[in-house]
Amino acid sequence: MPIPRNYVAPIRVSAKDRAFSHIRRWIIDGTLKPGEKLVDVQLAEALSVSRTPVREALQLLEVQGLVQMQPGKDTRVTHIEKEDILKVYPTLATLHALAADFASVHFVPQHIEQLQEWNAKFAEAIRRGEPYQAMEYDEQFHNLITDVADNPYLTSFHISLQNHIRRFKYVFLKQTYAMNVASVDEHEHIIQALRTGNQEKLETSIKQNILRPMRELYELM
């Protein structure tokens, strides 16, 4: 039986992964609010899956610190504490600066072009008033640098912080356009530093890009 050479098999997503992805997004974007009780029956019905994958997804989310499960009682979305901003953001800033240091020796023109593309999409999402999409493009921008760093230990720490910082970033990206356009300019400074190999400017620009939103978000909360 002839099979087309360019055929690509569809990606299959398990019920657990689908439940995990949707519930995580609802927590991050505030659909499921901090402290809200999560009922597996209701979630299963909303996602058109059985209760088992929902329970498995909730267990994974507990490991990531996004939900708190109390056996025999209930499961709730973890709270966002204002003071956590001052702990998470500086850690992320240092991690990103270190990743950029590792990545700088591996960067090629194609990487620069990709960063410029992500930043353009980030700017456009902000202009259109799409905070969740803007957050994803911002993450793609920084994730590319982390990927090029090719350091599995760095990547592991980065992933563990990502879900927590996402909740804060989503709140920040919902704010006014003028506040967010500064991130677009900071991305350009990062790109320029990578292009010229200016390590000092690279570290300064990345930390500014992370810590400025921290300070503004802290004041807002």
Side-chain angles (χ1 to χ4, degrees), residues 13 17-36 38 43 46-47 57 61 64-67 77-86 88-93 95-96 100 111-147 158-159 161-194 205-221:
V13 179
D17 290 341
R18 184 154 57 89
F20 173 78
S21 177
H22 279 81
I23 298 171
R24 180 178 62 179
R25 176 163 181 161
W26 290 339
I27 292 172
I28 291 168
D29 69 14
T31 299
L32 297 173
K33 302 185 183 305
E36 186 166 346
L38 302 179
L43 289 170
L47 295 167
L61 290 166
Q64 295 190 354
L66 293 176
V67 306
V77 177
T78 55
H79 288 278
I80 295 179
E81 302 295 341
K82 180 177 179 179
E83 295 305 316
D84 286 344
I85 295 174
L86 302 180
V88 178
Y89 272 81
T91 305
L92 186 71
L95 199 65
H96 277 186
H111 293 139
I112 297 295
E113 291 174 6
Q114 184 64 72
L115 287 178
Q116 291 175 321
E117 181 179 340
W118 287 129
N119 198 32
K121 290 181 177 180
F122 173 64
E124 179 61 18
I126 290 174
R127 189 190 67 78
R128 292 197 305 264
E130 299 174 349
Y132 196 91
Q133 190 65 61
M135 181 184 70
E136 292 188 337
Y137 287 139
D138 180 56
E139 286 182 2
Q140 291 290 348
F141 180 93
H142 289 286
N143 286 348
L144 175 61
I145 297 174
T146 303
D147 290 343
H158 179 255
I159 292 173
L161 281 174
Q162 193 83 292
N163 287 325
H164 295 284
I165 205 99
R166 273 182 163 195
R167 299 178 75 188
F168 293 121
K169 285 171 65 177
Y170 192 82
V171 170
F172 173 67
L173 288 167
K174 280 185 174 179
Q175 305 310 314
T176 61
Y177 170 78
M179 293 173 62
N180 294 289
V181 75
S183 290
V184 178
D185 294 335
E186 287 160 0
H187 285 175
E188 288 297 336
H189 293 155
I190 293 169
I191 293 171
Q192 181 62 21
L194 283 167
S205 299
I206 285 184
K207 288 187 174 180
Q208 168 70 8
N209 185 230
I210 304 296
L211 297 179
R212 177 191 50 76
M214 176 198 74
R215 292 187 289 269
E216 294 178 355
L217 180 57
Y218 189 81
E219 291 301 318
L220 285 170
M221 293 183 68

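Numbers here are sequence positions counted from 1.
Between His187 and Phe141, the angle of the ring planes stays under 30°, which puts this pair in the parallel group of the 30/60° scheme. Ring-plane geometry between Phe168 and Tyr89 is classed as tilted, the angle between the planes lying from 30 to 60 degrees on a 0 to 90 degree scale.
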Exercise for the section: Could you walk me through whether His111 and Gln114 pass the side chain to side chain contact (heavy atoms under 4.5 Å, CB included) test, one step at a time? Expected result: CA-CA 5 Å; His111 293 139; Gln114 184 64 72; 5.6 Å; no
Problem - Evaluation steps, side chain to side chain contact (heavy atoms under 4.5 Å, CB included), between His189 and Gln208 - result: CA-CA 10 Å; His189 293 155; Gln208 168 70 8; over 6 Å; no
Practice task
Take Asn209 and His96, measure what side chain to side chain donor-acceptor pair (under 3.5 Å) needs, and give me the verdict at the end.
Solution key: CA-CA 10 Å; Asn209 185 230; His96 277 186; over 6 Å; no
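Considering only heavy atoms from C-beta on, Met135 stays 4.5 Å or farther from Asp138 through its side chain. Taking 4.5 Å as the limit, every side-chain heavy atom of Val77 sits out of range of all side-chain heavy atoms of Lys33. Between Arg212 and Ser183 there is a side-chain heavy-atom pair separated by less than 4.5 Å.
Residues Ala134 and Ile126 approach most closely at CB-CG1, 3.9 Å, considering heavy atoms. Considering every non-hydrogen atom in both Ile23 and Ala57, the closest pair reads CD1-CB, 4.5 Å. A pairwise comparison of heavy atoms in Lys82 and Tyr218 identifies CE-O, 3.0 Å as the closest pair. The two residues Pro34 and Ile80 make their nearest non-hydrogen contact at CB-N, 4.1 Å. The shortest heavy-atom contact between His79 and Arg167 is O-NH1, 4.3 Å. Residues Leu66 and Ile27 share a closest heavy-atom pair of O-CD1, 4.0 Å.
Between Ile165 and the choices Thr91, Leu92, Ile28, the side-chain contact (heavy atoms from CB on, under 4.5 Å) rule is met once, by Leu92.
With a 6.0 Å radius and a threshold of 12 heavy atoms from other residues, nucleotides or ligands, His22 has its NE2 atom at or below the threshold.
In this structure, NE2 in His158 is found 4.0 Å from CD in Gln162, a value given to the nearest 0.5 Å. Interatomic distance, Leu217 CG to Ile85 CD1, rounded to the nearest 0.5 Å: 4.0 Å. In this structure, the separation between CH2 on Trp26 and CG on Leu43 is 6.5 Å, given to the nearest 0.5 Å. The structure places CD1 of Ile145 at 5.5 Å from CG of Leu194, a figure rounded to the nearest 0.5 Å. Expressed to the nearest 0.5 Å, how far NZ of Lys207 lies from CD1 of Ile190 amounts to 12.5 Å.
Side-chain contact annotation: Arg25 with Thr31, donor-acceptor N/O pair under 3.5 Å absent. In the model, Asp84 has no side-chain atom that pairs as donor or acceptor with a side-chain atom of His164 under 3.5 Å.
Asp147 pairs by the side chain to side chain donor-acceptor pair (under 3.5 Å) definition with nothing, not counting sequence neighbours. Residues that satisfy the side chain to side chain donor-acceptor pair (under 3.5 Å) test with Glu124, not counting sequence neighbours, are Arg127, Arg128. Among residues two or more places apart in sequence or in another chain, the ring-ring contact (aromatic ring centres under 6.0 Å, His included) test is passed with Phe20 by none.
Between Lys121 and Glu117 there is a salt bridge, with a side-chain nitrogen of the basic residue lying less than 4.0 Å from a carboxylate oxygen of the acidic one.
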